[in-house]
Amino acid sequence: MQEIDQLICKAIDLMVDGKGAEAEKTLENAIARVRARLASETDDGTAARLHERKGDSLALMAEHEQALLSYEEGLKRDPASRDLLWKIVSVLLENLERPEEALSILEKNLLPLDPENQRYLEARDAARAQLRHADGTDSAEEGGHECGCGHDHGHEGHGHDGSCGCGHSHPYAN
C-alpha cells in the first residue's frame, strides 16, 4: 500500500509543478498496481483501502464518475468507513452536482456518527443550498431557512440587522 501512496503523492507533486502529463502517467501506474493487488486480495479492509486509493487516483485525473464507482466498491468491502463515505459525499457534492444523494449520505450515515463534525455540517448546508438553488427557491422561502449556523430560523428569527443571535450575519434576513 505504501508504494501506491507514494505514487499518488508523487503525482500530486507533479501536478503542483505543472507536469500534468507526467502526473497522469504516475496515477495510471498507481491504478495498475491497485488492480494487480485487488486481483488477489481477500482481506476486506485492505481491499476497501485499495479501492479508495484507486478512487483517489481517478479523482485526481478528474474521472469523477469512475472515482465514485471505486469509492462505492470500497464501501461494499468496508460499509462503516467514514473516509469512503466522506469521499463519496465530496465527489457527489463538489464534482457531480448530485446534492440530494450527498445529503442523504450525510444525514443517514455520517451525521448520526458525529453530529458535531463541522465538515459534515458545512457539507449538509452546502447540499441544502444547492438543492434550493436547483429548485429556484431562495434561502428565505416560506417557513424559515437554514443559514449554516446550525439553527433553523423562521422569518421572525432575525433582527433588523440580520442577526439571529447565533453570531452569523444573515444579509438575506427580513
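Start at 1 with the first residue, then count along the sequence.
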Assigning hydrophobic clusters by single linkage (Ile, Leu, Val, Met, Phe, Trp, Tyr; side-chain heavy-atom cutoff under 4.5 Å), is [X] placed with [Y]?
X	Y	result
V89	L111	yes
L14	I4	no
L69	I88	no
L75	V91	yes
L27	I12	yes

side-chain contact (heavy atoms from CB on, under 4.5 Å) between L96 and E101: does it pass, once the steps are laid out? CA-CA 10 Å; L96 299 178; E101 293 171 67; over 6 Å; no

Taking 4.0 angstrom as the limit, do K25 and E22 come out as a salt bridge?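 No salt bridge links K25 with E22.
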
With the threshold set at 4.0 Å, does a side-chain nitrogen-carboxylate oxygen contact exist between R128 and E107?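 A salt bridge is present here (some side-chain N lies under 4.0 Å from a carboxylate O).
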
Is the backbone of E100 close enough, under 3.5 Å, to the side chain of S104 for a donor and an acceptor to pair up by distance?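 It does not hold such a pair.
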
Ignoring hydrogens and geometry, is there a side-chain-to-backbone donor-acceptor pair from R49 to G45 under 3.5 Å?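 Yes; judged by distance alone, with no hydrogens or angles, the pair exists.
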
[atom2] on [Y] to [atom1] on [X], rounded to 0.5 Å:
X	Y	atom1	atom2	result
C9	D56	SG	CG	10.0 Å
S57	I31	OG	CD1	5.0 Å
E24	M15	CD	CE	7.5 Å
E28	L58	CD	CG	10.0 Å
E52	Y71	CD	OH	7.0 Å

Hey, does [Y] have a side-chain heavy atom less than 4.5 Å from the side chain of [X]?
X	Y	value
L68	R98	yes
L50	R53	no
K54	R35	yes
W86	I105	no
L103	Q130	no
H64	E94	no
L106	L85	no
D125	E122	no

Nearest non-hydrogen partners of [X] and [Y], listed with the distance:
X	Y	answer
P99	A127	CB-O, 3.6 Å
G74	L84	C-CD1, 3.5 Å
L38	A47	CD2-O, 3.8 Å
A48	D78	CB-CB, 3.6 Å
G55	S70	N-OG, 3.4 Å

Go through it in stages, so that I can follow the logic: the residues are E73 and R77, the test is side-chain contact (heavy atoms from CB on, under 4.5 Å), and I'd like the CA-CA distance, side-chain angles, deciding distance and then a yes or no. CA-CA 7 Å; E73 281 299 313; R77 302 295 288 270; over 6 Å; no

Please determine whether side-chain contact (heavy atoms from CB on, under 4.5 Å) holds for the pair L110 and R124, giving the CA-CA distance in whole Å, both sets of side-chain angles, and the decisive distance to 0.1 Å. CA-CA 10 Å; L110 289 172; R124 179 200 60 198; over 6 Å; no

So which pairs with a foot in residues 6-19 pass salt bridge (Lys or Arg N to Asp or Glu O under 4.0 Å), sequence neighbours left out?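 Passing the test, one end in residues 6-19: no pairs.
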
What pairs meet the salt bridge (Lys or Arg N to Asp or Glu O under 4.0 Å) rule with one or both residues in residues 109-121, with sequence neighbours excluded?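 Qualifying pairs: none.
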
